[in-house]
Every structure is written in structure tokens, then in C-alpha cells.
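Below is one structure, written out as C-alpha cells, with a few remarks after it.
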2 protein chains.
Amino acid sequence: MKAQSKVSMKISQLAKVTNVASKTIRYYEDIGLLPAAYRNDNGYREYGNNDIERLVFIRRCRELQIPLEQIKTLIVVQVDPKSSCQEVDALIEQQLDKVRKTIAELTLLEQTLHTLATSCPNDKVGDCQILKNLQQEKPS
Amino acid sequence: MKAQSKVSMKISQLAKVTNVASKTIRYYEDIGLLPAAYRNDNGYREYGNNDIERLVFIRRCRELQIPLEQIKTLIVVQVDPKSSCQEVDALIEQQLDKVRKTIAELTLLEQTLHTLATSCPNDKVGDCQILKNLQQEKPS
DNA sequence: ATAAACCTTCCAGTAACAGTAAGGTCAACG
DNA sequence: CGTTGACCTTACTGTTACTGGAAGGTTTAT
């Protein structure tokens, strides 16, 4: 069992250790992704260890481009010990699908752009093959 | 010399032939990407051949994910016959760069997601490897 | 005392539209 | 002649995930 060390820090400290901007932390609180922070006497937000963990979790999910709304549901599942992690599996799988589809699309796009980029040997706009190509329907 | 056939159509017709939503066409006019359309007696917008070409050009650029602001500059270059097409070249090249960078990023992301997706053989949240992984810093 | 470096809330802006409301117009049908 | 349906108009809001800035309070150091 880990000792529950009682760290306490202000928002910019939390921002530094989690690598999430203060502004973003407040935003997450606004939209209910983070619980309302404890406030000390002067009204400043105070944070502890749990907040670090929660924020790191969120940041990791964001790095995987998981939308905030889905992170919300992940957190709900996470804190409920009797829920199955099928939902988590599904969400990650779905995210993977999305990323793969995007890669496929962008790869086609890369082809098109490359073809286009190498299509114009001229330097006057009147003769520009790029512009001419862009004026026509896709030859797909 | 091409005959300047005098077609005339309303916005939904233009939308159909160019495959750009009426709403989007109005939006393009609002932001100055399209010139203010001619209005007939009842105040409806009327369009001709030039508008088709211009819109197809814009759509093609959008398919290449070129931002509207850059399309604006492309159009300026396009209509000025004495400008060089270096700017066009550069823009396409730049777009290609961006796409390639995004592909690279997404490919890494795909790896991470794939590893994550196959990391959890359990079905209770308490043991879920996916969640555990997400709670930690990236092991990069 | 004052300046720097924090903190607070609130409002606006980003990109590229899509949705909706409220209302005007036009052609056809009965 | 009335009305229905399919258009058209403007204007406003919502989307996603923040970021920037204004205006003001607090704390710390000099």
C-alpha cells in the first residue's frame, strides 16, 4: 500500500508536472472532465496527487487523439471497479480504426499532391500545369 | 476561343453541379472567397459558367486539404497572368510536407494504439492493462 | 512601496462549415 | 383563389479543444 503523501500545489505547479497548460486545466474543470478543484482561503485552486494521476491519464488519452467526451466515459468506467473493460477495448479499437482510415486517406492525398507538385515545369501562371489540374475534376 | 454560353442558375443548381452545398457556397461568399453573386429581381443569387469553374477549383483545393485562406491567395495568383507560379509550387509542396508529417505522426499513433489494444487479456477494469498503461507516462 | 509573478473570471477567436429559425417567392394543383 | 411544397433569403447558434486577452485580486521579493 502506497503512502498517501499529502502534496499540495497550485495550478501552475500541476501544469508543470503534468505538462498540461493551466488554462487547459481550468477548461477541463469547466466542462466537467475534472471535478471542481478544492479552493484555499484566497480562492486559488489547490491540487494533490490524485489530480496528477487523473491529468496524466487525460493527457495520455489526448495523445492518442481520443476526444474529450470519450475520455469522460473512460473515466467513469475506470472508477467503477465492477465494470468490464470491454468498453475500453472497444474504444481503443475504434480509435485505431479511425487512425488507420485517416492514414489511408492521407496516403492517397500524398500521391495526388506529389503528382501535382511535379507536374509543372513552367514558371508563368498562364502555363501552370498545377493550376490547370486544379481547375479540372479529379481524373480518378 | 470558347463560346461564352450564357447559362444561368440558382444556388441549388450550382450546388448540384459542383457538389458543394448551397450553404457552403453562401459561406464562401461571406468570407470573400467568392465574389458577391449577382442578384436577380427577387433577390435570389444567379450564377454562370465562371462560377462553376471557380467553385470546382475551390473544391479540388479543399480535397487536397488546402485551407481557405491559402485558396484565396491561389486565386489571386491565378487571375494575374503575369505572376509566376512559384507561389503555387511552394504552396503545394508545403501542403505535401504537412500531409507527410501528419502521416508520420499517425503511424506512430497507430503503433501505440495497436500495442495498447492487444495488451489486455482480462475483462475486469481492476486488472485492465489498457487502463494501467494509460495511467502512466509514455514509455518512449 | 512597488514591481514581478502568480491567481481569478469572463469574453472572444480559431476552421470550416452544419443546423435551425423565421420569413419571402414561385410554380402547380384543385 | 388558396394552399402546398420546394425553393430562396438572413441571422444566429453549435461544433472541437483549446488559446489569447482583458481586468482585477494576491503574494512574494526587493
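Note: hydrogens, waters and symmetry copies are ignored here, and every other heavy atom, side chains too, is used.
- Here the P atom of nucleotide D:dA17 and the CD1 atom of A:I58 are 12 Å apart, to the nearest Å.
- With a 6.0 Å radius and a threshold of 12 heavy atoms from other residues, nucleotides or ligands, B:E87 has its CD atom at or below the threshold.
- For the atom pair CD1 (B:I11) and CD1 (B:I25), the distance works out to 5.0 Å, reported to the nearest 0.5 Å.
- Under the side chain to side chain contact (heavy atoms under 4.5 Å, CB included) criterion, B:N40 pairs with B:Y38, B:N42, B:Y44, B:E46, not counting sequence neighbours.
- Distances shorter than 4.0 Å separate none of the side-chain N or O atoms of A:R59 from OP1 or OP2 on D:dA17.
- Projected onto DNA chain C by closest heavy-atom contact, B:R62 and A:R45 fall at different nucleotides, the more 5' of which corresponds to A:R45.
- A continuous path of hydrophobic side-chain contacts links B:I31 to B:L14 [ILVMFWY only; heavy atoms under 4.5 Å].
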Any chance you could lay out the side chain to side chain contact (heavy atoms under 4.5 Å, CB included) test for B:L109 and A:E63, step after step, and finish with the verdict?
CA-CA 8 Å; B:L109 190 51; A:E63 283 166 4; 6.0 Å; no
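- Near DNA chain C, meaning a heavy atom under 4.0 Å away, the residues from residues 23-37 of chain A are A:R26.
- Bounding nucleotides for the chain B contact on DNA chain C, 5' to 3', at a heavy-atom distance below 4.0 Å, are C:dA16 to C:dC26.
- At whole-Å resolution of the value, NZ in A:K72 and C1' in D:dT16 are 12 Å apart.
- Environment of CD in A:Q86: sparse, with no more than 12 heavy atoms of neighbouring residues, nucleotides or ligands closer than 6.0 Å.
- Annotation for A:K16: atom NZ does not count as buried by contact number, only 12 or fewer foreign heavy atoms lying within 6.0 Å.
- Between the CE atom of B:M9 and the P atom of D:dC8 there is a distance of 12 Å, rounded to whole Å.
- When each of B:S12 and A:Q65 is assigned the nucleotide of DNA chain D with its nearest heavy atom, B:S12 is the one assigned upstream, toward the 5' end.
- Between the side chain of A:Q135 and the main chain of B:E53, no donor-acceptor pair closer than 3.5 Å is present.
- In this structure, B:Y47 places its OH atom 11 Å from C1' of D:dC8, rounding to the nearest Å.
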